[in-house]
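Below is one structure, written out as structure tokens; the observations come after it.
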2 protein chains.
Amino acid sequence: MTKKAKSNPVRRRPQQRRARQTVDAVLDAAVRLMKREGFGSLTTNRIAEVAGVSIGSVYQYFPDKRAIFIALHERHVEQIDRIIGATLIEHAAASLDTLIHAIVEAMVDAHKGDPELYELLMHEVPHRADGTADFATRLHGAFRLALSSRGGELKNGRDLDRRAFIVTHMVESLCHGAVLRRPSGLSLREATEEVVRAVLAYLRE
Amino acid sequence: MTKKAKSNPVRRRPQQRRARQTVDAVLDAAVRLMKREGFGSLTTNRIAEVAGVSIGSVYQYFPDKRAIFIALHERHVEQIDRIIGATLIEHAAASLDTLIHAIVEAMVDAHKGDPELYELLMHEVPHRADGTADFATRLHGAFRLALSSRGGELKNGRDLDRRAFIVTHMVESLCHGAVLRRPSGLSLREATEEVVRAVLAYLRE
DNA sequence: AGAATATATGTAGATTTGCTCATATATTGA
DNA sequence: TCAATATATGAGCAAATCTACATATATTCT
């Protein structure tokens, strides 16, 4: 398995188009393999093979196997980031009700397309070790902003942080839950609506 | 890394006390090593060494390295299960308010003692692959029961499932968040109280 | 006490995996 | 055109996982 943090092996960053294609091919191959054979039997050589590149190319852009997983998470977080950002802008002037509604629906939509992948990302693929920029942290800022321009009774920053903290975790966890863990007999639409209700109940409390 | 599902290597299950001690020693050693040197540099030989048992003993109870991780998760889930169960019994006759309060505080208490471990379990140690009995699924039943004997307006099972689904994910995610991801400037006590407020706001909605 | 069973040891090695490196090819820029 | 730079290759090494197994000790049962 992974060695003990060898002397900082700096890797090349892709700058030409084919390099970026190589990187993408590696990430896509990793996903395809995980879905097909499970996370446990993922090997770097096999990833390279399925990606159609040589093992050497993989290690030009990823310092180690872990880095592939981190990149997978980053790719996902960036996608969600874009979706949330767009939703915030689109509903900049809307009420809190419709904003929350829009964000929750956007989150659910973003995940329902490929639930298998997000299940893997959530429960199998190890997250990054250093504490930088996990998903909740990045959502927090967005919600803080959205709440600050709306909540009349939220006077100071501490209140804002408190509210944003709860809302962030509710949205993240409940949207994932609605897609991946909702009880049988509860449709995705019903679950989504209930998530919205829960968040708004808290914000109106 | 793990092989491709070799011919079902059935392992011994501990029945004597010293066997259980061996198993525990292995799990404890894995945790100690992860904290000390990170998940990435965990090796089975080193685990055996730190546990004070031979590598042969390790493989008598764990079919492969992954099984050690799975056992780590199971151990944690069982601990939380016991705590939740005890809290439910202790407050069987209490109001919904005090029950939720008690459960949230119990969850936070259970995690605040060793946040480093739970951070590892959440983000580094891969979860089990088969979908059996994850934490949320098990909490769901408990909350369903607790709500059924209290919520006056919850008529049928669908409503119950809906409510229990939301509450389960809120409690799990927000308690973890309060311990591991609360914004600086928000004390653990404040965060915990806010979690309770959020859950109750939803249940009273 | 003595047989049956469960547990522990640890070396030797086969197999697998992560990752390196010397070398070759493609692209860019002047 | 041709040097400089970026990208791609893949055999092979070091290290890890996991097995096999002969041996020794501890526990349980009658």
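Sequence lines set the chain letters: A, B, ... in the order given, protein chains first and strands last, and positions in each chain run from 1. All values reported here derive from a predicted model rather than from experimental measurement.
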Handout entry: B/Lys65 side-chain proximity, nearest of C/dG18, C/dA8, D/dT17
Key =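 The closest nucleotide is D/dT17.
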Practice task
Please determine, for the side chain of A/Tyr61, which listed nucleotide (D/dT7, D/dG10, C/dC19) has the closest atom?
Solution key: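 From the listed options, D/dT7 comes nearest.
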Handout entry: Heavy-atom side-chain proximity of A/Asp161 to B/Leu186 below 4.5 angstrom
Key = no
Practice task
Report yes if the side chains of B/Phe165 and A/Glu194 come closer than 4.5 Å at any heavy-atom pair, otherwise no.
Solution key: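 No, too far: nothing below the 4.5 Å cut-off.
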Handout entry: Ring centers of A/Phe39, A/His123 separated by less than 6.0 Å
Key = no
Practice task
Decide if the gap between the ring center of A/Tyr118 and the ring center of A/His76 is smaller than 6.0 angstrom.
Solution key: yes
Regarding [X] and [Y], does a basic nitrogen lie under 4.0 Å from an acidic carboxylate oxygen?
X	Y	answer
A/Arg66	B/Glu124	yes
A/Arg181	A/Glu119	yes
B/Glu78	B/Arg75	no

Handout entry: Members of residues 13-23 of chain A that approach DNA chain D, where some heavy atom sits under 4.0 Å away
Key = A/Arg13, A/Pro14, A/Gln15, A/Gln16, A/Arg18, A/Ala19, A/Thr22
Practice task
Quantify the bending of the helix from C/dA1-D/dT30 to C/dA30-D/dT1 as the angle between its end axes, each fitted on five pairs, to 10°.
Solution key: 30°
Handout entry: Gap between atoms OH and P, on B/Tyr59 and C/dA12 respectively (whole Å)
Key =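 Result: 19 Å.
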Practice task
Send over the distance from B/Ile68 CD1 to D/dT17 C1', rounded to a whole Å.
Solution key: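 Atom CD1 in B/Ile68 sits about 11 Å away from atom C1' in D/dT17.
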Handout entry: For the student: nearest non-hydrogen atoms of B/Val26 and B/Ile47, plus distance
Key =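 What the structure gives for the nearest pair is O-CG2, 3.7 Å.
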